[in-house]
*Asks:* 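Got a structure for you, written out below as structure tokens; questions coming shortly.
Every heavy atom of this structure was used, including side-chain atoms; hydrogens, water molecules and symmetry mates were not. All figures in this text were calculated on a predicted structure; none of them were measured in a lab.
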Amino acid sequence: MSKKVLILSGSPRKGGNSDILCDEFLRGAQDAGHKAEKIRVAEKKVAPCSGCYYCSTHGGACVHKDDMADILQKMIDADVIVLASPVYFYSISAQLKAVIDRTVARWLEVKDKEFYYITTMADEEKASADTTLACFRGYADCVEGAAEKGVLVACGVYEPGAVCGTPAMAQAYEMGRNV
């Protein structure tokens with residue numbers, strides 16, 4: 001059965017390591033017959049949440065008129081959501097965090113999702129990704145019916161493209177194929 005797969009690439013660097021792994025996940029999902037799309041959130045205009053709760057009195061419409069309404073609708077419509085980010089000071093990128101925070105406008109509609117997480121980092125210690133993964137899991141904990149299906153942590157990759165030729169490439173592809 002074909003699934004709708006939405007990949008949210010939180011890398012601010014086009015062609016950065018986590019972005020490259022997103023491409024491999026996308027290729028795997030498409031090769032398996034799924035309808036998959038990658039959004040590079042850094043290329044979208046997404047203001048940070050103001051915490052004004054305009055959305056709560058306006059049917060989920062946000063006071064900010066930017067690209068988030070389209071992204072959020074795609075999140076609601078997806079069967080599978082991939083959250084990907086480089087590790088930034090033991091957390092996720094600001095671009096992806098803004099997207100996650102802005103889901104508050106219609107957060108109860110984002111439900112019954114399969115989640116996959118992709119992180120990359122210069123650090124060689126896999127445990128250095130734990131708090132980044134905790135950010136992803138914290139969001140998923142707020143999604144009714146969320147199920148974690150896969151995690152990929154690529155260590156020791158800093159320069160753009162450093163992930164190429166590593167086992168993480170095949171892992172990302174296989175994770176996508178096995179959605």
Side-chain angles (χ1 to χ4, degrees), residues 1-14 16 18-19 21-23 25-30 32-119 131-152 175-176 178-179:
M1 178 175 150
S2 180
K3 295 180 183 178
K4 288 183 184 175
V5 178
L6 180 64
I7 303 165
L8 297 175
S9 175
S11 177
R13 296 191 299 192
K14 186 173 186 172
S18 60
D19 195 47
L21 293 178
C22 287
D23 290 339
F25 190 104
L26 176 72
R27 191 170 67 86
Q30 288 173 333
H34 301 292
K35 183 178 179 189
E37 175 183 5
K38 180 182 90 167
I39 296 174
R40 287 194 21 78
V41 297
E43 293 176 352
K44 300 295 182 180
K45 183 179 177 191
V46 178
C49 181
S50 300
C52 66
Y53 291 100
Y54 175 93
C55 55
S56 67
T57 58
H58 291 83
C62 184
V63 69
H64 299 291
K65 304 304 175 208
D66 57 15
D67 295 328
M68 188 58 203
D70 291 334
I71 295 169
L72 183 50
Q73 188 60 56
K74 289 177 182 194
M75 292 175 76
I76 291 166
D77 294 341
D79 300 305
V80 175
I81 297 175
V82 178
L83 300 175
S85 177
V87 174
Y88 280 4
F89 294 101
Y90 302 104
S91 192
I92 63 176
S93 69
Q95 294 85 351
L96 186 57
K97 180 68 166 117
V99 168
I100 289 171
D101 289 348
R102 288 282 301 283
T103 64
V104 72
R106 296 172 62 195
W107 73 279
L108 293 174
E109 295 176 65
V110 182
K111 58 185 174 184
D112 302 322
K113 306 300 175 198
E114 295 178 1
F115 280 95
Y116 291 83
Y117 309 131
I118 297 172
T119 62
T131 50
T132 304
L133 293 171
C135 289
F136 291 155
R137 290 177 175 134
Y139 174 63
D141 283 347
C142 297
V143 173
E144 181 184 333
E148 182 177 310
K149 294 295 195 171
V151 176
L152 174 55
M175 225 168 36
N178 295 319
V179 162

*Asks:* For residues 69-76, run the donor-acceptor check on the side chains, cut-off 3.5 Å, and write out each pair with its distance to 0.1 Å, sequence neighbours left out.
*Replies:*
from: Gln73; atom 1: OE1; to: Arg106; atom 2: NH1; distance (Å): 2.9
from: Gln73; atom 1: OE1; to: Arg106; atom 2: NH2; distance (Å): 3.0
from: Gln73; atom 1: NE2; to: Asp77; atom 2: OD1; distance (Å): 3.0
from: Gln73; atom 1: NE2; to: Asp77; atom 2: OD2; distance (Å): 3.4
from: Lys74; atom 1: NZ; to: Glu37; atom 2: OE1; distance (Å): 3.4
from: Lys74; atom 1: NZ; to: Glu37; atom 2: OE2; distance (Å): 2.7

*Asks:* Search all heavy atoms of Asp79 against all heavy atoms of Lys3 and return the closest pair with its distance.
*Replies:* OD2-CA, 3.4 Å
*Asks:* Report all side-chain donor-acceptor pairs from residues 133-147 shorter than 3.5 Å, counting only partners two or more places apart or in another chain.
*Replies:*
from: Arg137; atom 1: NE; to: Glu148; atom 2: OE1; distance (Å): 2.7
from: Arg137; atom 1: NH2; to: Glu148; atom 2: OE2; distance (Å): 3.0

*Asks:* Quick one: pull up CD1 in Ile39 and SG in Cys22 and give me the separation to the nearest 0.5 Å.
*Replies:*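 Ile39 CD1 to Cys22 SG: 11.0 Å, rounded to 0.5 Å.
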*Asks:* Kindly determine whether Tyr53 and Val104 satisfy side-chain contact (heavy atoms from CB on, under 4.5 Å), including the steps that lead there.
*Replies:* CA-CA 9 Å; Tyr53 291 100; Val104 72; 4.3 Å; yes
*Asks:* Does the Ser91 side chain pair with the main chain of Tyr88, one donor and one acceptor, at a distance under 3.5 Å?
*Replies:*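 A pair under 3.5 Å: no.
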*Asks:* Would you say Lys65's side chain and Cys62's backbone share a donor-acceptor pair under 3.5 angstrom?
*Replies:*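 Yes; judged by distance alone, with no hydrogens or angles, the pair exists.
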*Asks:* With distance as the sole test, does Ser85 use its side chain to make a donor-acceptor pair with the main-chain N or O of Ser93 at under 3.5 Å?
*Replies:*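 Yes.
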*Asks:* I need the Ser9 OG to Leu26 CG distance, nearest 0.5 Å.
*Replies:* 10.5 Å
*Asks:* Looking only at heavy atoms, what is the nearest atom pair of Gln95 and Gly10, with distance?
*Replies:* OE1-O, 4.2 Å
*Asks:* Kindly determine whether Met68 and Thr103 satisfy side-chain contact (heavy atoms from CB on, under 4.5 Å), including the steps that lead there.
*Replies:* CA-CA 8 Å; Met68 188 58 203; Thr103 64; 3.9 Å; yes
*Asks:* Looking at CZ of Phe25 and CD1 of Ile118, how far apart are the two atoms once the value is rounded to the nearest 0.5 Å?
*Replies:* 6.0 Å
*Asks:* Passes side-chain contact (heavy atoms from CB on, under 4.5 Å), Ile92 versus Ile100? Steps please.
*Replies:* CA-CA 10 Å; Ile92 63 176; Ile100 289 171; 3.8 Å; yes
*Asks:* Can a donor-acceptor pair be found, under 3.5 Å and without considering hydrogens, that links the side chain of Asp67 to the backbone of Val46?
*Replies:* no
*Asks:* What is the distance from atom CG of Asp19 to atom CG of Leu21, rounded to the nearest 0.5 Å?
*Replies:* 9.0 Å
*Asks:* Under the side chain to side chain contact (heavy atoms under 4.5 Å, CB included) test, which residues partner Ala32, sequence neighbours left out?
*Replies:* His34
*Asks:* If you measure from CG on Leu83 to NZ on Lys113, what distance do you get to the nearest 0.5 Å?
*Replies:*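 The distance works out to 12.0 Å.
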*Asks:* Nearest 0.5 angstrom please: Leu96 CG to Ser18 OG, how far?
*Replies:* 9.5 Å
*Asks:* Between Arg40 (side chain only) and Ser11 (backbone N and O only), is there a donor and an acceptor less than 3.5 Å apart?
*Replies:*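 Yes, the answer is positive, given that a donor and an acceptor are paired below the 3.5 Å cut-off.
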*Asks:* Could you tell me if the side chain of Val80 sits less than 4.5 Å from the side chain of Lys4, heavy atoms only?
*Replies:* no
*Asks:* Can you confirm whether Leu6 sits close enough to Val82 that some side-chain heavy atom of one is under 4.5 Å from a side-chain heavy atom of the other?
*Replies:* no
*Asks:* Can you tell whether the side chains of Asp23 and Arg27 come within less than 4.0 Å, N to carboxylate O?
*Replies:* no
*Asks:* Nearest heavy-atom pair of Val179 and Tyr116: which atoms, and what distance?
*Replies:*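 Reported closest heavy-atom pair: CA-OH, 3.5 Å.
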*Asks:* Salt bridge or not for Arg102 and Asp66, using N-O below 4.0 Å?
*Replies:*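 Salt bridge present between Arg102 and Asp66.
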